[in-house]
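To start, the structure itself, in structure tokens.
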Amino acid sequence: MSISVVRKLAAVAGILATTVAGAPASAAPPDQTTAEAGNPFVSGWYADPDVAVYGGRYYVFPTASRPYDQQTFLDAFSSADLVTWTKHPNVLTTADVSWARRALWAPAPIERNGRYYLYFAANDIQSNAEPGGIGVAVADRPEGPYRDAIGRPLIAQFVNGAQPIDQDVFVDDDGQAYIYYGGWGHANVARLNSDMTSLGTFPDGATFKEITPSGYVEGPQMFKRGGVYYLMWSEGGWTGPNYSVAYAMSNSPTGPFTRLDRVLAQDPAVARGAGHNSVINVPGTDIWYIVYHRRPLSETDGNSRELAYDRMYFNPDGTIRRVTMLVKDNFADGNGYGWKTLGGTWTATGGQYRAGHSYGGKSLLDDNHTNAVHDADVTIGSGPGDAGLVFRATAAAVGTDAYRGYYAGITPRGEVLLGKADNNWTRLAGAPLTITPGRAYHLRVEAVGATIRVFVDDLTTPRITVTDSTYAAGRSGVRVYDTSASFDNVAITNR
């Protein structure tokens, strides 16, 4: 069937299928534009996430991102709302798998017949002479503990040039289960028998079929929507900035799969190395998220990877829109993951990011925005000073004006102000404005080229407009001076 026919199927089909199993989620399903409580959504270096929905709860199973000899365990995270996450440590370790010794990675979860299966790769084998490959573990609960189900690898050999790693498991509407896998630029699919621990055959008697699309490197992910099968995969090198996700559509779970587009890639303003994804469909809805790992801009170590998710949208013909990595944090999860504090005391509590009184304490994201809109709700606490937004900042350190960049703030002295720092302070402009401590004000900065506009509450008429080209790009964040304050609904949007 041609891809144009596949697109028509996707456009007219009214039934949604999902890659995950479990009971419907709550009456108010998560409906977010991104991880609005902030990416990364959990703490620590993790990669290669795969997902499942069990009993109305969302589970993420990632690789512990560290040197291969230290990759001897798998953790999991679960959430009822995609906001607050519970860590489940050591759901599977090499101590539970007699043949695995290192490089335990890319877990793939699925439930069947009341049991929970976790497929994994181990040992990073480089030839058929080495022990290792893809295994399967089983548990009675989603969070484990999982134990090796068969005492040996399920797939232990290179077939069609595919290294046995990066598996994904998908159960079709007719109950047939498939395993997709492969590194070294080759992808295979095989049937799983109903026991989920042995391989079946295709009607022609073959156990494996190669389905490698153009550009494929590793990390296949299969899901189904509107009767159409979507294969996603990673391209580029996993340690490089250009790691990315592409996809194909088909009317069959075994293809053929023709590459359509790259849907997720690095954003030099947000993060690099965005890849090895999975997909969440909120049960009973057409709400979809892409869950993936990425590398913070300031990190150079290949294993410095974090978990993130963003909303994934479809066009009317069923094709996937390119994903935008959004930068938001409403602190509803009660943490400040992704923020670096430089002076002062900072706590995320009560759905706000709270700064104790200090003379210039700041907290910055690991971004590098140039032309952007910066938003935050700012509430002045105790002290006569000011609080607000830092933007285009570089060379940041602890100290009152220890950064090079701009700052816009509000003060109960009755003013909105704008200035720039370079280990000293230069005032650029100010405007009168009554500011009441304890009340939240929406502060917005539009910085496009050399034009900087500052808004407070009224987002149509700027309080301040200046032209200054001293700083072109840098990090974004929040700051206090001679006051305490709280911040909420932080967002930085490219312009």
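Note on Asp261 versus Arg322: salt bridge recorded, some NZ/NE/NH1/NH2 to OD/OE distance being below 4.0 Å. Taking 4.0 Å as the cut-off between side-chain N and carboxylate O, Arg112 and Asp195 do not count as a salt-bridged pair. Checked for salt-bridge contact, Glu235 and Arg259 meet the test: a charged N lies under 4.0 Å from a carboxylate O.
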Kindly determine whether Trp99 and Asp148 satisfy side chain to side chain donor-acceptor pair (under 3.5 Å), including the steps that lead there.
CA-CA 10 Å; Trp99 53 270; Asp148 188 5; 3.1 Å; yes
Lys224 and Asp172: CA distance, side-chain angles, deciding distance, salt bridge (Lys or Arg N to Asp or Glu O under 4.0 Å) verdict
CA-CA 8 Å; Lys224 189 176 183 181; Asp172 207 349; 2.8 Å; yes
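Counted by atom type alone, Asp166 and Trp233 present zero donor-acceptor pairs between their side chains at under 3.5 Å. With hydrogens and angles left out, the side-chain atoms of Tyr46 and Asp75 include a donor and acceptor closer than 3.5 Å. Residues Lys420 and Tyr406 bring no donor and acceptor atom of their side chains to less than 3.5 Å of each other. For the residue pair Gln352 and Asp488, no side-chain donor N or O sits within less than 3.5 Å of a side-chain acceptor on the partner. Counted by atom type alone, Thr254 and Ser252 present one or more donor-acceptor pairs between their side chains at under 3.5 Å.
Within a 6.0 Å sphere centred on NZ of Lys328, other residues, nucleotides and ligands contribute more than 12 heavy atoms. More than 12 heavy atoms of other shown residues, nucleotides or ligands fall within 6.0 angstrom of atom CZ in Arg321.
Between Phe223 and Trp288, the ring planes are tilted. Angles from 30° to 60° get that label. Relative orientation of the Tyr178 and Tyr180 rings is tilted, given thresholds of 30° and 60° on the angle between their planes. Classification of the Tyr353-Trp346 ring pair by plane angle, with boundaries at 30° and 60°, yields tilted.
In this structure the side chain of Val373 reaches within 4.5 angstrom of the side chain of Glu446, judged on heavy atoms. Taking 4.5 Å as the limit, every side-chain heavy atom of Asn489 sits out of range of all side-chain heavy atoms of Asp375. Inter-residue side-chain proximity for Gln32 and Tyr309 is flagged as met; some heavy-atom pair is nearer than 4.5 Å. Contact check for Thr86 versus Arg57: side-chain heavy atoms found under the 4.5 Å cut-off. Contact check for Met232 versus Ile290: side-chain heavy atoms found under the 4.5 Å cut-off. When side chains are defined from C-beta on, Phe391 does not count as touching His369, because their heavy atoms never get closer than 4.5 Å. Between Asn39 and Glu306, every side-chain heavy-atom pair lies at or beyond the 4.5 Å cut-off.
For the pairing with Trp105, the ring pair (Phe, Tyr, Trp, His ring centres under 6.0 Å) check across Phe120, Tyr68, Phe61, Tyr119 returns one residue only, Tyr68.
Judged by the 6.0 Å distance and 45° axis criteria, Arg479 is positioned over the aromatic ring of Tyr407. For the pair Arg311 and Tyr289, the distance from NZ or CZ to the six-membered ring centre is under 6.0 Å and the angle to the ring normal is within 45 degrees.
Ring pair Phe314/Tyr230: centre-to-centre distance below 6.0 Å. Annotation: Trp85 is not in aromatic contact with Tyr58 [ring centroid separation under 6.0 Å not met]. Taking the six-membered ring for Trp and the full ring otherwise, Tyr216 and Phe257 have centroids separated by 6.0 Å or more. Here the two rings, on Tyr292 and Trp238, have centers that are 6.0 Å apart or farther. Note: His293 and Tyr243 meet the aromatic proximity criterion, with ring centroids under 6.0 Å apart.
Taking Asp301 as the reference, Asn303, Ser304 meet the side chain to side chain contact (heavy atoms under 4.5 Å, CB included) condition, with sequence neighbours excluded. Contacts of Tyr116 classified as ring pair (Phe, Tyr, Trp, His ring centres under 6.0 Å), with partners at least two apart in sequence or in another chain: Tyr54.
Taking all atoms of both residues into account, the shortest heavy-atom contact from Pro107 to Leu74 is CB-CD1, 3.8 Å. Heavy atoms only, all atoms of each residue included: Leu199 and Ala190 are closest at CD2-CB, 4.3 Å.
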